[in-house]
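Only one structure is covered here, and it is reproduced in the block below.
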Amino acid sequence: MKTSLLRRTLLASASAVLLMGTLLSPAQAQNKVVLRVSTPAVPDDWHAKMWTVFKDNLEKSAPGEFDVQINLNASLFKQGTEPAAMARGNLELSSISAFDIAKLVPEFSLFTAGYVIRDPEHQQKVFNGPIGAELFKTVSEKMDVTPLSTVYLGTRQVNLREVRNVKTPTDLKGVKLRMPGTKEWLFLGEALGATATPLAFGEVYLGLKTGTIDGQDNPLPSVRAAKFYEVTKQIVLTSHLVDGIFIAVSNKAWGAMNAAQKQKVTAAAQAASTYNNDNRLKEEGQLVEFFKQQGLQVTTPDVDAFRKSVQTTYQNSDYAKVWPKGLLERVNQTQ
Ligand code: KDO
């Protein structure tokens with residue numbers, strides 16, 4: 001009698017364990033903190049590879065504690081929809097752009113404007129100093145995500161399907177320049193003098209190949225990683241936007257972590273950014289030669305003419321009206 005009761009109890013607990021195993025993912029069953037990452041980055045780009053650095057760093061500092069799941073090529077969430085997914089609790093980590101943030105934090109549109117951030121060093125100083133601290137607090141309050149580190153995406157250049165003599169914004173008149181599909185991005189394309197055409201990053205290669213667009217703008221390492229150089233003939237070095245993205249964590253995931261975990265996740269995000277920033281900067285210095293070898297023309301326009309025109313367009317726009325008084329001056333004065 002006693003033995004059969006024991007057997008029944010053992011069987012019941014064994015099936016409870018089995019049931020748990022089928023309902024929970026292996027990571028949950030082992031009590032790991034699941035961190036899902038979604039990014040449109042292509043595997044060979046530095047801001048895709050940095051997530052492996054993040055994962056490895058965390059595995060070293062907190063062995064077995066986290067399960068980092070990396071989803072590239074916008075395979076989990078469409079480009080630009082990551083912040084909403086994080087706020088809903090469907091995603092834990094992503095790298096979000098100033099353009100994504102400006103939708104909910106209008107003053108952030110200052111960083112969507114061309115020719116504001118001067119260079120990668122200026123970018124790090126602005127976002128790692130008091131301006132970044134103030135703005136990131138607002139981002140957390142309004143978007144329910146916490147920015148952890150600033151990633152240099154590169155300096156954006158114009159990349160054309162056919163060779164064109166481009167010296168000033170007037171020379172881009174009528175050019176269907178692909179931009180990501182939000183109004184802040186389209187405004188930048190128009191400010192450059194082109195006809196801005198919305199398209200997701202994943203569709204740009206085919207758009208250039210078939211001619212539904214005449215060009216696109218991106219930093220040189222992304223032109224290389226996404227192979228846009230295979231379907232274009234010219235790069236115009238406008239250097240119109242020193243672009244940044246921010247590694248951000250959903251506040252739901254962040255709030256569930258203890259202090260030690262938060263510190264380790266922050267350190268991993270910083271290691272990932274440093275890896276990206278160092279490699280991207282180095283590669284940016286080498287790519288003009290590479291593109292020339294691939295048969296592209298790399299030309300330098302009248303950058304001052306682009307700067308003046310783009311800055312004036314932004315100053316006279318509704319965007320500038322929501323920039324807090326003195327913010328642009330503070331950014332300009334940051335050394
Ligand atoms: C792009 O779509 O042009 C862009 O460069 C915009 C960035 O904010 C970022 O989303 C990036 O694409 C992707 O990470 C792909 O490199």
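Worth saying up front: this structure is predicted, and the values here are computed from it rather than measured. Ligands are counted one by one from 1 in listed order, and the atoms in each one are counted from 1 as well. We're numbering straight along the sequence, starting at 1.
Ring pair Tyr314/Tyr115: centre-to-centre distance not below 6.0 Å. Centroid-to-centroid, the aromatic rings of Phe228 and Phe291 stay 6.0 Å apart or farther.
For ligand 1, one of its N or O atoms has an N or O atom of Gln79 under 3.5 Å away. Taking only nitrogen or oxygen atoms, main chain and side chain alike, Ser222 does not reach within less than 3.5 Å of ligand 1. Taking only nitrogen or oxygen atoms, main chain and side chain alike, Asp45 does not reach within less than 3.5 Å of ligand 1.
Protein heavy atom closest to atom 8 (O) of ligand 1, with residue, atom name and distance, is Ser97 CB, 3.5 Å. Among all non-hydrogen protein atoms, the one lying nearest atom 5 (O) of ligand 1 is Asn218 OD1, 2.7 Å.
Donor-acceptor pairing under 3.5 Å is lacking for the side chains of Asn277 and Thr274. Between Gln124 and Thr150, the side chains place no donor N or O within less than 3.5 Å of an acceptor N or O (distance only, hydrogens not considered).
Under a 4.0 Å criterion applied to the non-hydrogen atoms of Trp185, ligand 1 contributes the atoms 6 (C), 8 (O). For ligand 1, the atoms lying closer than 4.0 Å to a non-hydrogen atom of Phe201 are 1 (C), 2 (O), 3 (O), 12 (O), 15 (C), 16 (O). Close approach of ligand 1 to Pro180 (heavy-atom distance below 4.0 Å) involves ligand atoms 1 (C), 2 (O), 3 (O). Counting atoms of ligand 1 from 1 in the listed order, those under 4.0 Å from a heavy atom of Leu153 are 5 (O), 7 (C). Here is the list of ligand 1 atoms found below 4.0 Å of a heavy atom in His47: 13 (C), 14 (O), 15 (C), 16 (O).
Between the side chain of His47 and the main chain of Tyr152, no donor-acceptor pair closer than 3.5 Å is present.
The CG atom of Asp171 lies 6.0 Å from the CG atom of Asn165; values are rounded to the nearest 0.5 Å.
Between atom 3 (O) of ligand 1 and the options Arg178, Glu203, Met179, the minimum heavy-atom separation is to Arg178.
The two residues Leu76 and Ser38 have their closest heavy-atom pair at CB-OG, 3.6 Å.
Following chains of ILVMFWY side-chain contacts shorter than 4.5 Å, one can reach Phe111 starting from Phe136, so the two form part of one hydrophobic cluster.
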